[in-house]
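Structure, as structure tokens:
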Amino acid sequence: MRHKLLVIHGPNLNMLGKREPETYGTDTMEEINACLVSYGAQADIAVDTFQSNHEGDIVEKVQQAGKYDALIINPAAYTHTSIAIRDAVLLLDIPVIEIHLSNIYKRESFRHKSLLCDVVTGQIAGFGMHGYIMAIDAIKNMLGTGKEKQA
Ligand code: DQA
């Protein structure tokens with residue numbers, strides 16, 4: 001495939017489906033991943049996915065993301081706390097989209113602050129799993145699908 005995309009899911013997102021479905025929806029992380037892999041493939045984008053509940057593992061994965069063309073990251077609760085993930089994102093020279101299933105700005109005040117929002121390309125929040133599709137569309141737009149380049 002023409003492009004490579006990494007999707008990182010932070011802590012507790014492995015529990016999607018069971019976890020507060022009224023806030024996060026009923027799709028499991030596996031279902032979201034399968035959808036992203038097939039949506040990406042239609043645009044010639046190979047999608048790799050990764051989930052961890054551990055900050056250091058996410059930092060290391062972000063450090064390795066330079067070999068991809070773009071990164072989508074839902075840092076989950078680390079959004080609000082992790083200077084280490086922020087610093088790792090600062091190492092990257094590729095488009096990075098921060099994503100949240102819920103609209104963090106409509107929730108508790110401790111969720112209103114993202115430590116990543118000013119170091120990513122853009123943020124999508126509040127559209128549930130469709131937000132990931134929106135993020136892939138944004139990446140397609142930034143990278144080009146290849147078709148228009150051949151035309
Ligand atoms: C979340 C929002 C965070 O505040 C929360 O800790 C999560 C999920 C979201 O996708 O809406 O775990 O990132």
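Atoms within a ligand are numbered from 1 in the order they appear, just like the ligands themselves.
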Please report which non-hydrogen protein atom sits nearest to [atom], along with the residue it belongs to and the distance in Å to one decimal place.
atom: atom 1 (C) of ligand 1; result: His100 ND1, 3.7 Å
atom: atom 4 (O) of ligand 1; result: His80 NE2, 2.7 Å
atom: atom 5 (C) of ligand 1; result: Arg111 NH1, 3.3 Å
atom: atom 11 (O) of ligand 1; result: Ser102 OG, 2.6 Å

Test item, Arg19 contacting ligand 1 (heavy atom, 4.0 angstrom):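 Yes, Arg19 has a heavy atom closer than 4.0 Å to ligand 1.
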Sub-4.0 Å heavy-atom approach of Asn12 to ligand 1: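 Not so, Asn12 does not reach ligand 1.
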Side chain to side chain, Leu5 and Ile72, heavy atoms closer than 4.5 Å: yes
4.5 Å side-chain heavy-atom contact, Lys106 and Arg111: no
Close N or O approach (Leu13, ligand 1; < 3.5 Å):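 Among all N and O atoms of Leu13, none is under 3.5 Å from an N or O of ligand 1.
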Nitrogen or oxygen of Leu101 less than 3.5 angstrom from that of ligand 1: yes
Whether over 12 other heavy atoms sit under 6.0 Å from Met15 CE: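 Counting other residues, nucleotides and ligands, CE of Met15 stays at 12 neighbours or fewer.
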More than 12 heavy atoms from other groups under 6.0 Å of CZ on Phe127: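 No, because the 6.0 Å sphere around CZ of Phe127 holds 12 heavy atoms or fewer from other groups.
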Basic-acidic side-chain contact under 4.0 Å: Arg86, Asp118: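 Yes, charged N to carboxylate O under 4.0 Å.
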Plane angle bin for His80 and Phe110 - parallel if under 30°, tilted between 30 and 60°, otherwise perpendicular: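 Perpendicular.
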Option passing side-chain contact (heavy atoms from CB on, under 4.5 Å) with Phe50 (candidates Val7, Ile73, Ile8): Ile8
Region of Asn74 engaging ligand 1 - heavy atom pairs below 4.0 Å: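 The part of Asn74 near ligand 1 is the side chain, not the backbone.
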Which of the ligand 1 atoms, numbered from 1, are nearer than 4.0 Å to a heavy atom of Ile104: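 So the atoms of ligand 1 that pass are 2 (C).
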